[in-house]
Trainee: 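Here it is, the structure, as structure tokens.
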Amino acid sequence: MLMHASVPLGYYAAALRVLRKHKASGGRVSEEVISGVTIVVPTYNERNNIIDKLNNVADETKGMGESEVIVIDGGSDDGTADVAESWRPPPWVRLRVLREGLRRGKHVAENEGLSKATEDYVVFTDADSLWAPGSLRAALRALSRSDVGLVTCVKRPLNIMEVESGYRDLYNMLRLAESAMHSTPIAHGELIAIRRDLAIKLGGLRPGADDSELAHRVAMSGLRAVAVDGVICAEKVPRGQGYVEWRGRRAQHLVAYFASALRDLPRAPRGYRRVLAVEAYLHLVNPWLALAALALLLAAASMGQLLAIAVLALVALTVLAIPHARSWALMQTFLIVGALRNIRGRSEVWRKVEK
Ligand code: GDP
Ligand code: MN
């Protein structure tokens with residue numbers, strides 16, 4: 001248990017130090033605002049989300065010159081493409097609705113969108129997500145730095161979307177710290193901003209944890225893939241049974257992704273190498289340490305060992321009492337189940353869960 005906790009806690013402490021230093025140095029960002037952006041929205045059965053999404057994109061692109069929005073629909077049977085076409089864009093948005101005719105996977109749709117994009121900068125974004133005010137500008141501003149190749153967002157729950165600085169939760173804080181060190185290997189489909197020519201040069205998106213995987217390849221190319229405080233997005237989260245399935249599939253993708261990204265470790269740029277090593281460890285190895293410790297403790301407790309019973313009680317109390325510990329424990333469980341499910345093969349086209 002101690003070993004399971006020590007690496008993440010040590011990493012967390014290091015991350016806090018990095019962020020404090022980064023903040024003190026003012027976090028150098030250029031003021032140049034980019035125009036000329038294509039926003040690619042892949043959709044599969046997003047009838048209930050697509051109008052909110054397009055309105056949000058319209059708000060975010062206002063005052064940036066003309067922007068292109070490509071909705072690329074993978075054969076939705078709920079009329080998503082028709083609903084998207086019925087939307088009246090504001091004068092500064094050029095809307096294109098492309099129909100793939102059948103569902104081929106999100107990454108295929110995104111690559112199709114990429115090949116049709118005409119502006120210099122491309123932003124990929126899931127239809128079931130929204131951006132907080134000013135996020136797109138902040139993302140493009142960060143992308144204007146010559147050392148940055150990809151920008152992603154930090155995540156907020158839908159009900160607290162206001163822009164405010166704050167490393168509100170553990171995961172966002174880690175992403176920001178990794179970005180300050182060099183790059184984060186975890187990027188979010190709610191907002192992935194990249195130069196079009198770079199995305200094409202890298203060969204576009206690949207199946208699975210496609211967003212993170214693209215960030216990884218950007219980092220491997222020597223450019224930085226960063227999450228930016230002030231680029232804030234939210235996504236709709238499924239409830240009940242759908243939630244478990246959704247988290248499970250994502251964990252499965254993450255496990256497969258880190259297992260394969262690990263092969264690049266020896267060639268990873270300095271700065272990024274440590275981040276990749278720790279994150280791969282946290283996703284692939286660390287959950288199993290907790291499981292092993294738990295099994296040992298249970299065995300000892302069942303034989304009447306008082307110390308084991310006390311430690312188990314302490315762990316149970318921690319998990320019950322501290323929300324962060326609870327979400328940590330849940331994540332470990334999903335990662336273990338995800339690893340086991342990867343042995344049976346993984347899904348590139350997943351069941352759509354209701355949100
Ligand atoms: P999650 O965010 O990982 O839960 O995945 P989602 O199911 O929300 O999918 C992310 C985005 O990709 C959403 O906008 C989906 O509508 C879209 N999407 C998912 N699968 C496909 C597909 O096969 N084809 C197309 N065109 N879009 C897809
Ligand atoms: Mn989603």
Side-chain angles (χ1 to χ4, degrees), residues 38-57 69-85 87 95-117 122-131 152-158 161 171 186-192 204-215 232-257 331 334-335 338 341 346-355:
T38 297
I39 292 159
V40 175
V41 189
T43 58
Y44 177 72
N45 287 355
E46 300 286 0
R47 183 189 180 91
N48 296 330
N49 295 322
I50 190 65
I51 296 295
D52 284 350
K53 178 72 201 175
L54 291 171
N55 284 335
N56 181 233
V57 164
V69 176
I70 299 182
V71 172
I72 170 124
D73 186 66
S76 297
D77 51 28
D78 70 346
T80 300
D82 295 335
V83 175
E85 256 168 7
W87 184 67
L95 175 70
R96 299 166 70 188
V97 179
L98 308 178
R99 298 169 192 250
E100 295 181 280
L102 79 172
R103 190 174 183 200
R104 300 188 293 177
K106 176 186 163 185
H107 68 290
V108 179
E110 287 177 321
N111 287 333
E112 182 71 17
L114 175 62
S115 75
K116 298 281 157 60
V122 177
V123 179
F124 298 101
T125 180
D126 295 348
D128 58 347
S129 71
L130 295 171
W131 300 334
T152 189
C153 54
V154 293
K155 293 184 42 161
R156 289 282 153 77
L158 255 185
M161 276 280 279
Y171 291 97
I186 297 187
H188 306 301
E190 289 80 13
L191 192 154
I192 302 285
L205 290 119
R206 295 182 189 161
D210 57 343
D211 319 301
S212 294
E213 202 275 337
L214 184 63
I232 297 166
C233 54
E235 75 177 317
K236 294 190 180 162
V237 171
R239 312 207 162 271
Q241 172 61 32
Y243 177 78
V244 173
E245 184 181 330
W246 175 73
R247 286 286 301 265
R249 188 239 313 149
R250 286 200 171 180
Q252 200 180 341
H253 280 161
L254 272 179
V255 168
Y257 156 59
M331 185 69 189
F334 280 119
L335 287 172
R341 285 179 34 175
R346 62 193 94 107
S347 49
E348 260 122 53
V349 174
W350 48 89
R351 200 175 74 78
K352 189 80 199 170
V353 282
E354 268 322 304
K355 284 161 200 155

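Just so we're clear, the structure is a prediction, and the values are computed from it rather than from any experiment. Atoms within a ligand are numbered from 1 in the order they appear, just like the ligands themselves. Numbers here simply count residues along the sequence, with the first being 1.
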Trainee: Per the salt bridge (charged side-chain N to carboxylate O under 4.0 Å, His left out) rule, what does the pair list look like for residues 47-56, sequence neighbours excluded?
Mentor: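 Those involving residues 47-56 do not exist here.
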Trainee: Going by the atom numbers of ligand 1, which of them fall below 4.0 Å from some non-hydrogen atom of D128?
Mentor: 8 (O)
Trainee: Could you establish whether E235 and ligand 1 come within less than 4.0 Å of each other, counting only heavy atoms on the residue side?
Mentor: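 Yes, that is the case, since the closest heavy atom of the residue is under 4.0 Å from the ligand.
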Trainee: I'd like to check which ligand 1 atoms, numbered from 1 as shown, lie under 4.0 Å from a non-hydrogen atom of E46.
Mentor: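 Matching atoms, with element in brackets: 13 (C), 14 (O), 15 (C), 16 (O).
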Trainee: Quick check on contacts: which atoms of ligand 1 are under 4.0 angstrom from a heavy atom of E100?
Mentor: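 Counting from 1, the qualifying ligand atoms are 24 (N), 25 (C), 26 (N).
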Trainee: For D211, which of E190, H188, K106 qualifies under side chain to side chain contact (heavy atoms under 4.5 Å, CB included)?
Mentor: K106
Trainee: Which N, O or S atom name in D128 marks its closest approach to the Mn ion (ligand 2)?
Mentor: OD2
Trainee: When you look for heavy atoms under 4.0 Å from ligand 1, do you find them on the side chain of K106, its backbone, both, or neither?
Mentor: both
Trainee: Checking the side chain of Y257 only, and the main-chain atoms of S212 only, is there a donor and an acceptor separated by less than 3.5 Å?
Mentor: yes
Trainee: Consider ligand 1: state whether an atom of it lies below 4.0 angstrom from any non-hydrogen atom of G105.
Mentor: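 A heavy atom of G105 does come that close to ligand 1.
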Trainee: Which residue is it: N49, N48, T43? I am looking for the one with a side-chain hydrogen bond (donor to acceptor under 3.5 Å, both in side chains) to E46.
Mentor: N49
Trainee: Looking at ligand 1, is there an atom of it that comes within less than 4.0 Å of some heavy atom belonging to R249?
Mentor: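 Distance cut 4.0 Å: R249 passes for ligand 1.
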Trainee: Does an N or O anywhere in D73 fall below 3.5 Å from an N or O of ligand 1?
Mentor: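 Looking only at distances, the answer is no, because the N/O contact criterion of under 3.5 Å is not met.
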Trainee: For ligand 1, which atoms sit closer than 4.0 Å to a heavy atom of W246?
Mentor: 1 (P), 4 (O)
Trainee: Flag D126 as yes if one of its N/O/S atoms falls below 2.8 Å of the Mn ion (ligand 2), otherwise no.
Mentor: no
Trainee: Backbone N or O of W131 within a donor-acceptor pair of the N56 side chain at under 3.5 Å?
Mentor: yes
Trainee: Looking only at distances, please establish whether an N/O atom of ligand 1 is found under 3.5 Å from an N/O atom of A109.
Mentor: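 N/O-N/O distance under 3.5 Å: no.
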Trainee: Any luck finding a side-chain donor-acceptor pair between S129 and D126 under 3.5 Å?
Mentor: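 No donor-acceptor contact under 3.5 Å links the two side chains.
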Trainee: At what distance, to the nearest 0.5 angstrom, does OG1 of T38 lie from NZ of K116?
Mentor: 12.5 Å
Trainee: Rounded to the nearest 0.5 Å, what's the gap from CG on N45 to CG on D128? Could you check?
Mentor: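 That separation rounds to 12.0 Å.
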Trainee: At less than 4.0 angstrom from any non-hydrogen atom of A127, what atoms of ligand 1 do you find?
Mentor: 13 (C), 14 (O)
Trainee: Please work out, at 4.0 Å between heavy atoms, whether the side chain, the backbone, both, or neither of I72 comes within that distance of ligand 1.
Mentor: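 Under 4.0 Å from ligand 1, I72 contributes backbone atoms alone.
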Trainee: Could you tell me which residues satisfy salt bridge (Lys or Arg N to Asp or Glu O under 4.0 Å) with E213, sequence neighbours excluded, listed by chain and number?
Mentor: R206, R217
